[in-house]
Amino acid sequence: MIGTSLVSESADGRVVARIVETEGYVPGDAASHAFRGETARNGSLFRRRGTAYVYFIYGCYFCVNVSSEREGVGAGVLVRAAEPVEGMELMHARRPHSTARDLCRGPGRLATALAVTRLHDGLDLCAPGPLWLAAAAKPAPAVSESVRIGLTKEADRVLRFFETGSPFVSGPRALNVRPPRP
DNA sequence: AAGAAGATTCGCT
DNA sequence: GCGAATCTTCTTA
């Protein structure tokens with residue numbers, strides 16, 4: 001998914017951000033919202049891969065995930081950060097005190113810049129719509145990996161992936177200077 | 001029925 | 001670097 005563009009289209013206009021950082025939540029993973037089985041909240045994680053799972057966290061922010069397994073299996077990829085590509089004026093309007101670099105740097109910030117809310121939960125991201133994934137641009141970016149960020153459970157899993165050297169990646173610097181994976 | 005924890009961000013020290 | 005903000009969901013009694 002690194003290098004793929006996330007497109008948000010609303011009455012306000014169109015915004016495009018190129019994904020530079022993701023985090024995986026796999027079957028059997030105690031840190032996954034799907035770990036304890038399907039509920040009304042996490043149902044989208046159990047839908048066919050490419051379904052949007054949007055949840056509200058810390059009373060303030062939304063986070064965007066893409067389900068990643070077949071129907072009935074709970075797993076997904078959290079979109080942690082992106083590089084603004086189109087509609088930067090609109091993103092700045094939605095995040096007034098942000099620098100260009102920080103518009104989509106972090107999962108909560110990204111959702112705000114793209115105006116993603118729980119209304120987007122359950123959408124099919126594989127076809128054009130209010131929120132969808134456009135094909136990746138040509139050169140496949142170099143991808144590095146690290147442990148996941150901000151977790152208390154299964155924090156040691158190496159399931160975070162990001163574009164090597166991108167300034168639009170979130171997280172502590174120490175995690176972001178690791179060499180690209182082979 | 002009540003309480004704690006949470007895949008975060010921002011501002012202040 | 002630390003703690004507050006703020007609410008939904010799941011767990012436990």
Side-chain angles (χ1 to χ4, degrees), chain A residues 1-2 4 6 8 15 17 19-47 49-69 73-84 88 90-123 125 131 133 143-163 166-176 178:
Chain A
M1 283 172 55
I2 309 288
T4 301
L6 192 54
S8 159
V15 159
I19 296 171
V20 298
E21 179 184 353
T22 63
E23 226 168 48
Y25 291 85
V26 299
D29 178 354
S32 170
H33 288 184
F35 185 63
R36 290 168 212 283
E38 182 172 348
T39 66
R41 176 207 192 190
N42 66 17
S44 296
L45 283 176
F46 291 79
R47 301 288 78 78
R49 70 185 179 194
T51 303
Y53 166 53
V54 179
Y55 67 90
F56 191 54
I57 190 71
Y58 296 124
C60 311
Y61 304 103
F62 290 98
C63 293
V64 184
N65 299 250
V66 183
S67 75
S68 55
E69 288 287 342
V73 179
V77 174
L78 170 67
V79 183
R80 286 197 53 93
E83 171 181 350
M88 297 192 41
L90 186 47
M91 291 192 228
H92 270 115
R94 290 166 174 163
R95 291 184 40 78
H97 301 296
S98 178
T99 62
R101 178 177 177 242
D102 287 348
L103 282 175
C104 303
R105 195 168 69 85
R109 292 166 170 173
L110 173 75
T112 301
L114 271 59
V116 176
T117 71
R118 70 189 82 229
L119 297 177
H120 298 275
D121 184 59
L123 285 179
L125 300 178
L131 186 68
L133 290 165
V143 173
S144 297
E145 62 188 14
S146 81
V147 294
R148 299 184 290 191
I149 291 180
L151 303 187
T152 55
K153 301 170 190 163
E154 307 235 16
D156 295 340
R157 291 206 195 222
V158 180
L159 284 172
R160 172 175 175 261
F161 305 94
F162 56 96
E163 179 175 21
S166 170
F168 299 98
V169 165
S170 75
R173 177 171 292 274
L175 284 184
N176 296 336
R178 299 163 65 112

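All of these numbers come straight from a predicted model, not from anything done at the bench.
- The phosphate of C/dC10 has OP1 or OP2 within less than 4.0 Å of a side-chain N or O from A/T39.
- Dashed line: the shortest gap from a side-chain N or O of A/H33 to OP1 or OP2 of B/dA7 is under 4.0 Å.
- For A/R157, the CZ atom sits in a packed shell: over 12 heavy atoms of surrounding residues, nucleotides or ligands are nearer than 6.0 Å.
- When the P atom is compared between C/dA4 and B/dA4, the two are found 15 Å apart, to the nearest whole Å.
- Nearer to the 5' terminus of DNA chain B, by closest-nucleotide assignment, is the contact made by A/K153 (compared with the other of A/K153 and A/G108).
- Here C/dT6 sits opposite no nucleotide as a Watson-Crick or G-U wobble pair (both hydrogen-bonding atom distances under 3.5 Å).
- Rounded to whole angstrom, the span from the OH atom of A/Y58 across to the P atom of B/dC10 amounts to 14 Å.
- Across the protein-nucleic acid pair, A/D102 atom CG and B/dG11 atom P stand 11 Å apart, rounded to whole Å.
- At the phosphate of B/dC10, OP1 or OP2 sits under 4.0 Å from a side-chain N or O atom of A/R109.
- Phosphate contact (OP1/OP2 of B/dT9, side-chain N/O of A/R95, threshold under 4.0 Å): absent.
- Of the nucleotides present, none pairs with B/dA7 by Watson-Crick or G-U wobble criteria with both distances under 3.5 Å.
- OP1 or OP2 of B/dG6 has at least one side-chain nitrogen or oxygen of A/T152 nearer than 4.0 Å.
- For B/dT9, the OP1/OP2 oxygens have no side-chain nitrogen or oxygen of A/R105 closer than 4.0 Å.
- Note on A/R80: a side-chain N or O is less than 4.0 Å away from OP1 or OP2 of B/dT8.
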